[in-house]
Student: 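Before I ask anything, here is the structure I am working with.
Bear in mind that the values here come from a model prediction, so they are computed numbers and not experimental data. The chains referred to below are lettered A, B, ... by the order of the sequence lines, with proteins before strands, and numbering in each begins at 1.
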2 protein chains.
Amino acid sequence: MIPPVVIAIGGNALIRLGERGTLAEQAAHVDDCMGRIAKLAAKGWPLVITHGNGPAVGNILIQMECARDTVPPMPLYIADADSEGAIGFLLQQSLYNHLLGHIRGHVHWNQPRLPSGSISDACVLSVVTQVVVDRDDPAFGSPTKPVGPFYTEAEAAILGMERGWTIAGDAGRGWRRVVPSPRPIRVVEAAAIKRLAEGGDIVIAAGGGGVPVVEAADGRLSGVDAVIDKDMASAVLALQLGAKMLVILTSVDCVYLDYGTERQRRVPRMDACEARAYLDAGQFAPGSMGPKVEAAALFIEGGGEYALITSPEALDDALSGKAGTRIADQVRGQ
Amino acid sequence: MIPPVVIAIGGNALIRLGERGTLAEQAAHVDDCMGRIAKLAAKGWPLVITHGNGPAVGNILIQMECARDTVPPMPLYIADADSEGAIGFLLQQSLYNHLLGHIRGHVHWNQPRLPSGSISDACVLSVVTQVVVDRDDPAFGSPTKPVGPFYTEAEAAILGMERGWTIAGDAGRGWRRVVPSPRPIRVVEAAAIKRLAEGGDIVIAAGGGGVPVVEAADGRLSGVDAVIDKDMASAVLALQLGAKMLVILTSVDCVYLDYGTERQRRVPRMDACEARAYLDAGQFAPGSMGPKVEAAALFIEGGGEYALITSPEALDDALSGKAGTRIADQVRGQ
């Protein structure tokens with residue numbers, strides 16, 4: 001049984017800076033990214049794809065607010081689940097289309113036009129994913145992650161009272177709700193995702209970091225409004241799956257030190273210890289390269305073989321060691 | 001290998017007439033319905049659950065319209081995918097919670113608090129589902145299914161032109177978009193759903209009848225704005241899965257003839273031939289009991305063993321033949 005590879009797709013595979021997020025824009029980015037991943041998929045590797053939902057879930061929250069007099073707004077975790085459906089659909093359809101006619105492993109990929117009632121061999125499918133966080137995570141004591149629409153100070157104050165939201169000013173652009181960003185503990189549906197990937201299906205999971213849930217003493221789950229970093233969730237999922245490799249795709253081709261300065265330089269490889277040292281030294285922006293490097297370190301420390309941070313464009317080269325940043329255990333990785 | 005059972009849940013397991021569809025309302029209905037299904041699940045049967053999205057997707061469309069000046073509205077099929085995420089999440093979490101502590105088959109259900117990184121035995125999970133419809137289906141020539149918000153005649157005329165919508169008056173309540181309701185041909189992800197169900201997972205699929213897609217000559221799929229009847233989609237999925245039984249849950253305990261008249265009487269059982277004859281005689285309301293009986297007939301004609309139409313409350317009795325309507329093949333069913 002080949003261990004699965006987990007690929008985390010960045011938000012810019014969906015909506016890019018300055019775009020409104022029309023379906024045409026999103027579909028074009030998805031198509032480009034999935035075309036690159038299809039090449040990997042065609043190699044026959046068990047594949048699990050995770051993705052962000054940053055701009056998409058923001059749009060859903062704005063839609064909910066605009067309609068609040070007619071339709072009861074749903075909590076953030078329901079908006080997360082919404083976005084897992086819609087983004088998952090876009091990704092699975094695009095990858096399916098790219099794979100048509102490919103041979104994957106020993107099977108001809110999902111032959112079109114099978115007679116109704118018969119079953120093709122392999123699927124691309126999205127799984128609605130719950131991710132457990134700890135109610136005692138210190139993040140719940142200090143919400144910091146802005147979500148949803150901007151409000152005036154007066155509106156924000158009323159909403160804060162009505163809905164129990166924590167509100168914070170956002171860099172002079174207005175007031176926004178802030179939510180906690182707790183650490184992911186486990187993906188509830190990991191066992192099924194593993195079975196699917198090992199059976200030859202390509203699974204899209206943990207979208208937007210998963211729907212955050214807390215677990216009561218009796219094991220019951222309930223949704224909670226929070227933002228789980230999608231790269232951290234991907235690392236946790238990769239460990240649960242026994243994945244060999246975690247690939248984190250972003251908008252830069254590799255990890256840089258002193259990024260954006262004259263001293264900027266590439267990091268072709270590092271071990272988890274070095275990664276932690278750079279993180280501690282503040283080398284990577286929080287909410288940007290920071291969580292990616294931390295997720296890679298977490299994966300290696302948990303027993304993963306290696307992690308790769310690169311861009312979709314450089315993915316092919318990165319897999320053959322000619323681009324990207326490879327994070328591996330000092331001993332095993334040499 | 002025990003063949004899976006497909007259970008189709010009606011819209012009233014989510015939002016009921018006169019309700020606004022708050023999360024509390026939806027969660028209470030879901031919890032009630034899933035509590036009943038958990039008893040079946042605990043018997044160890046491979047189980048696939050399908051559901052409607054009628055009121056929920058309408059709410060999403062209203063939210064999209066209200067925010068259209070800020071956020072680009074998405075097509076209906078994306079709203080369908082959204083709703084598969086959100087409703088799927090509600091169902092899978094509720095059923096998971098009901099199953100805690102149960103023994104299912106030979107495994108103790110999803111033990112809570114497993115050490116991080118280990119994999120529990122079985123999952124409840126929702127799969128984002130695409131359902132292929134035929135671009136040449138006559139339904140595309142005459143859209144009849146109203147969706148989304150009501151408009152004034154003037155608004156409706158503009159939207160019709162701008163977006164290429166077909167608009168129709170809705171019983172004096174205003175003007176609405178109408179979309180086609182083509183017949184489902186196949187569920188794209190059926191093979192994976194079958195593998196999951198046979199492996200012991202409980203799968204939620206084909207929500208809202210699935211995301212409607214058309215298939216090009218080269219096999220490529222693309223989304224299309226339409227409404228697929230969820231009971232018909234469930235019958236098609238059940239046949240693809242080789243299911244033994246299709247259970248259609250609705251708000252009445254069984255099928256009635258001359259429903260709502262003095263001559264109203266129960267139908268404890270019928271064969272597919274009788275079902276077709278009653279359908280032809282106009283015994284069942286279109287969009288209500290009609291598609292349920294037709295879905296049951298389709299399932300039997302396609303080789304299914306038997307179908308059951310009943311309410312969640314009468315499900316237990318219906319399974320032991322004391323309630324509900326059983327549709328079976330004349331010969332095999334006797």
Student: Which atoms of A/Asp69 come close to chain B, meaning under 4.5 Å heavy atom to heavy atom: side chain ones, backbone ones, both, or neither?
Tutor: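 Only the backbone of A/Asp69 comes within 4.5 Å of chain B.
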Student: With sequence neighbours left out, what residues match A/Arg16 under side chain to side chain donor-acceptor pair (under 3.5 Å)?
Tutor: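 Here no residue qualifies.
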Student: Quick one: pull up CD in B/Gln130 and OH in A/Tyr96 and give me the separation to the nearest 0.5 Å.
Tutor: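 Those atoms lie 8.0 Å apart.
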Student: Please round to the nearest 0.5 Å and tell me the distance separating atom CZ of B/Phe89 and atom OG1 of A/Thr129.
Tutor: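 It is 11.0 Å, given to the nearest 0.5 Å.
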Student: Taking side chain as everything from C-beta outward and backbone as N, CA, C, O, which of these in A/Ser83 sits under 4.5 Å from a heavy atom of chain B? Side chain, backbone, both or neither.
Tutor: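 Answer is backbone: N, CA, C or O of A/Ser83 sit under 4.5 Å from chain B.
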Student: Do you know which two heavy atoms are closest between A/Ala191 and B/Cys123, and how far apart they sit?
Tutor: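 In this case the closest contact between A/Ala191 and B/Cys123 is CB-SG, 3.9 Å.
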Student: Filter on salt bridge (Lys or Arg N to Asp or Glu O under 4.0 Å), then keep only pairs touching residues 85-99 of chain B, sequence neighbours left out; what's left?
Tutor: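 Qualifying pairs: none.
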Student: Is any side-chain heavy atom of A/Leu23 closer than 4.5 Å to one of B/Tyr77?
Tutor: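 When only atoms from C-beta onward are counted, A/Leu23 and B/Tyr77 do touch, with a gap below 4.5 Å.
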Student: Would you mind checking which part of B/Gln93 comes under 4.5 Å of any heavy atom in chain A, side chain (CB onward), backbone (N, CA, C, O), both or neither?
Tutor: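 Both backbone and side chain.
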Student: So how far is it from B/Cys66 SG to A/Arg68 CZ, rounded to the nearest 0.5 Å?
Tutor: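 Here the rounded value is 11.5 Å.
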Student: Can you tell me which portion of B/Val127 sits under 4.5 Å from chain A's heavy atoms? Options are side chain, backbone, both or neither.
Tutor: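 The answer is both parts of B/Val127.
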Student: Report yes if some heavy atom in the side chain of B/Leu196 is under 4.5 Å from a heavy atom in the side chain of A/Leu196; otherwise report no.
Tutor: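 They are in contact (side-chain heavy atoms under 4.5 Å apart), so the answer is yes.
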Student: Which residues in residues 53-60 of chain A have a heavy atom less than 4.5 Å from any heavy atom of chain B?
Tutor: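 So the qualifying residues are A/Asn59, A/Ile60.
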Student: Okay, side chain of B/Asn97, backbone of A/Leu221: is any donor-acceptor separation there less than 3.5 Å?
Tutor: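 Side chain of B/Asn97 to backbone of A/Leu221, a donor-acceptor pair under 3.5 Å: yes, one is there.
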Student: Check whether A/Leu90 gets within reach of chain B through its side chain, its backbone, both or neither, counting any heavy atom under 4.5 Å.
Tutor: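 A/Leu90 touches chain B through side-chain heavy atoms alone.
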Student: Sort A/Met64 into side chain, backbone, both or neither according to what part of it lies under 4.5 angstrom from a heavy atom of chain B.
Tutor: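 It is both, since atoms from each part get that close.
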Student: Counting only non-hydrogen atoms closer than 4.5 Å, does B/Val132 touch chain A with its backbone (N, CA, C, O), its side chain (CB onward), both, or neither?
Tutor: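 Nothing of B/Val132, per the 4.5 Å heavy-atom cut-off to chain A.
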Student: Roughly how far apart are B/Gln63 CD and A/Leu61 CG, rounded to 0.5 Å?
Tutor: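 If we round to the nearest 0.5 Å, B/Gln63:CD and A/Leu61:CG are 10.0 Å apart.
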Student: What's the spacing between B/Asp201 CG and A/Arg195 CZ if we round to 0.5 Å?
Tutor: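 Separation between the atoms: 4.0 Å.
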Student: Look at B/Ala27, B/Gly88, B/Ser126 and state which one has the largest set of heavy-atom pairs under 4.5 Å with chain A.
Tutor: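 Greatest number of close heavy-atom pairs with chain A: B/Ser126.
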Student: Which bit of A/Val187 comes within less than 4.5 Å of chain B, counting heavy atoms only: side chain, backbone, both or neither?
Tutor: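 No part of A/Val187 comes within 4.5 Å of chain B.
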Student: Could you work out, with side chain to side chain donor-acceptor pair (under 3.5 Å) as the rule, every residue matching B/Gln26, not counting sequence neighbours?
Tutor: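 With sequence neighbours excluded, B/Gln26 shows a side chain to side chain donor-acceptor pair (under 3.5 Å) to no residue whatsoever.
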Student: Between B/Val71 and A/Arg20, is there a side-chain heavy-atom distance shorter than 4.5 Å?
Tutor: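 No, side chains not in contact.
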Student: Pairing donors with acceptors under 3.5 angstrom, does anything connect the side chains of A/Gln92 and B/Glu189?
Tutor: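 Side chains of A/Gln92 and B/Glu189: pair found under 3.5 Å.
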